[in-house]
Amino acid sequence: MSPQAETARPVDHRSVRQVRAIRLGPRSVAALVLVSAVGVLAFGWPLLADSASGLAHSKDAPWLFAALLPLLLAVVVATIADVGLDAKAIAMLGVLAAAGAALRPLGAGTAGIEPMFFLMVLSGRVLGPGFGFVLGAVSMFASALLTGGVGPWMPFQMLSMGWVSMGAGLLPGADRLRGRREMLLLAAYGTVASLLYGLVMNLQGWPYIAGLASGVSFVPGDPLPENLARFVAYCLATSLGWDLPRALVTIVLTLTVGPVLLKALRRATRRAAFDAPVSFDAPVSSTATTPKDTG
C-alpha cells in the first residue's frame with residue numbers, strides 16, 4: 001500500500017486518546033484540593049462544627065467563608081491558567097463560559113429549569129477536570145453579572161458549579177466509552193450532580209434563616225442528629241421542587257442534544273490540538289547564496 005493511501009485512511013476516533021485542554025500539574029492539583037477542602041468546611045460547618053466550639057455559635061462564620069472563598073477561587077484559577085492555559089484554551093473557555101452564562105437566564109428562578117447544567121457536564125467530560133473546574137466557576141461568575149445575581153452566595157455557586165464540571169471530567173472511560181453507554185453515564189451523573197448542587201447550596205443558605213421557623217432552621221450548638229433532621233426538612237420544604245426539575249431537564253437535554261454537542265466539542269478539541277508541541281523554524285538567513293550567473 002502506498003504512503004498516500006495509508007495516510008488517507010480514516011481515523012477511528014473511538015480508539016484515539018482524548019485530548020485535555022489543561023494538563024493538571026502538582027501545583028494545580030494542590031490548589032484544587034485546598035479550595036475543595038475549604039469549600040467543604042464553608043458548606044458544612046453547621047453540621048461539622050462541634051457544639052462546644054465557638055464556630056458552632058458564631059454568626060460571622062457564613063460571612064467569613066463568603067469572603068474567603070473568592071480569594072481562594074482566584075488563586076486556583078490563576079494557578080491553573082499559569083500552568084497550562086494557553087491562548088487556544090482561553091478562547092474555548094471564553095466561548096463556553098459565554099454560552100453557559102447565556103443559558104442560565106433562560107430558566108433561572110422558574111421551577112428549577114437550568115439548561116446550563118448539561119453544557120457544564122458535557123464540557124467537563126470532553127475537556128477534562130482542570131478546564132471543567134475553571135469553566136464552571138467562570139460561567140457562574142459571568143451569569144451572576146449578567147443576571148444581577150451578585151451576593152454572598154455567588155462564590156458558593158462558583159465553587160459548586162466548578163465541582164459539577166470537574167466531576168464530569170473525572171468520570172471513567174474518557175478514552176474508550178462512546179455511544180449510548182456514555183450518554184447514559186453522563187445523564188446519570190448529571191442527575192446526581194443537579195441534585196447535589198441544590199443540596200450543598202441549601203447548606204450555604206440554611207444558617208441565614210435561623211430563628212425564622214424552628215422546625216427547619218439551624219440551631220447553633222444543637223446536636224448533629226437534630227440539626228440534620230431540620231436540614232432534611234428544610235430541603236424538602238424549600239428546594240426539592242427546583243432540584244428535581246433541574247435534574248429532569250439535565251437528563252432530557254443530555255440524551256437528546258448531548259450526542260451532537262459531545263461530537264462537536266470533541267471535533268473542536270481535536271482541531272485545536274491542545275497537546276501539540278510548539279516548534280519554531282530557524283530564521284532564513286538574508287545572506288543565503290543564489291546560483292551564480294554563468295552567462
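Just so you know, these numbers use all the heavy atoms, side chains as well, and skip hydrogens, waters and symmetry mates.
Qualifying side-chain contact (heavy atoms from CB on, under 4.5 Å) partners for Val29, counting only residues two or more places apart in sequence or in other chains: Leu24, Val33. Looking at residues two or more places apart in sequence or on another chain, you find a side-chain contact (heavy atoms from CB on, under 4.5 Å) between Leu261 and Phe118, Leu119, Leu122, Leu265. Evaluation of the side-chain contact (heavy atoms from CB on, under 4.5 Å) rule for Phe141 yields Leu145, Met154, Met158 as partners, not counting sequence neighbours. Not counting sequence neighbours, the partners of Val232 by the side-chain contact (heavy atoms from CB on, under 4.5 Å) test are Leu236. With sequence neighbours left out, the side chain to side chain donor-acceptor pair (under 3.5 Å) criterion links Thr256 to no other residue.
In this structure, Trp206 and Tyr234 have tilted ring planes: the angle between them lies in the 30° to 60° band.
Each of Phe43, Phe117, Trp242, Phe156 was evaluated against Tyr197; a single residue qualifies, Phe117, per the ring pair (Phe, Tyr, Trp, His ring centres under 6.0 Å) test.
Linking Ile, Leu, Val, Met, Phe, Trp and Tyr residues whenever their side-chain heavy atoms come within less than 4.5 Å places Leu170 and Leu185 in a single cluster. Linking ILVMFWY side-chain heavy atoms closer than 4.5 Å, directly or via other members, places Val257 and Leu255 in a single hydrophobic cluster. When the side chains of ILVMFWY residues are joined at heavy-atom separations under 4.5 Å, either directly or via intervening members, Leu228 and Leu203 end up in a single hydrophobic cluster.
Taking every heavy atom of both residues into account, Pro129 and Gly169 meet most closely at CD-O, 3.6 Å. In plain terms, the two heavy atoms of Val121 and Gly190 that are nearest each other are CG2-CA, 4.3 Å. The minimum heavy-atom distance linking Met120 with Leu96 is given by the pair CE-O, 4.4 Å. Minimum interatomic distance between Pro259 and Thr254 (heavy atoms only, all atoms of both residues): CD-O, 3.5 Å. Residues Asp243 and Asn202 share a closest heavy-atom pair of OD2-ND2, 4.4 Å. Residues Leu240 and Pro245 approach most closely at O-CD, 4.1 Å, considering heavy atoms.
Here the side chains of Pro172 and Leu177 are not in contact, with every heavy-atom distance at 4.5 Å or above. Residues Leu93 and Leu135 form a side-chain contact, since some pair of their non-hydrogen atoms from C-beta on lies under 4.5 Å apart. Between Phe133 and Leu159, some side-chain heavy-atom pair lies under the 4.5 Å cut-off. Looking only at side-chain heavy atoms (C-beta outward), Arg266 and Arg125 come within less than 4.5 Å of each other.
How far CG of Leu262 is from CD of Glu182: 5.0 Å, rounded to the nearest 0.5 Å. Rounding to the nearest 0.5 Å places CE of Met116 at 4.5 Å from CE of Met140. To the nearest 0.5 Å, atom OG of residue Ser239 and atom CG of residue Leu195 are 9.5 Å apart. Here the CG-CD1 distance, from Leu186 to Ile251, works out to 12.0 Å after rounding to the nearest 0.5 Å. Of the inter-residue distances, the one linking Met161 atom CE with Glu114 atom CD reads 6.5 Å to the nearest 0.5 angstrom. Here the straight-line distance linking atom CG of Leu127 with atom OG1 of Thr269 works out to 4.5 Å at 0.5 Å rounding.
Side-chain contacts under 4.5 Å among hydrophobic residues (ILVMFWY), followed directly or transitively, place Leu248 together with Val252.
Under a 3.5 Å cut-off, the side chain of Trp163 and the backbone N or O of Gly136 do not form any donor-acceptor pair. Arg246 places a side-chain N or O within donor-acceptor distance of the main-chain N or O of Ser194, the cut-off being under 3.5 Å. Side-chain atoms of Tyr189 come within 3.5 Å of backbone N or O of Val164 as a donor-acceptor pair.
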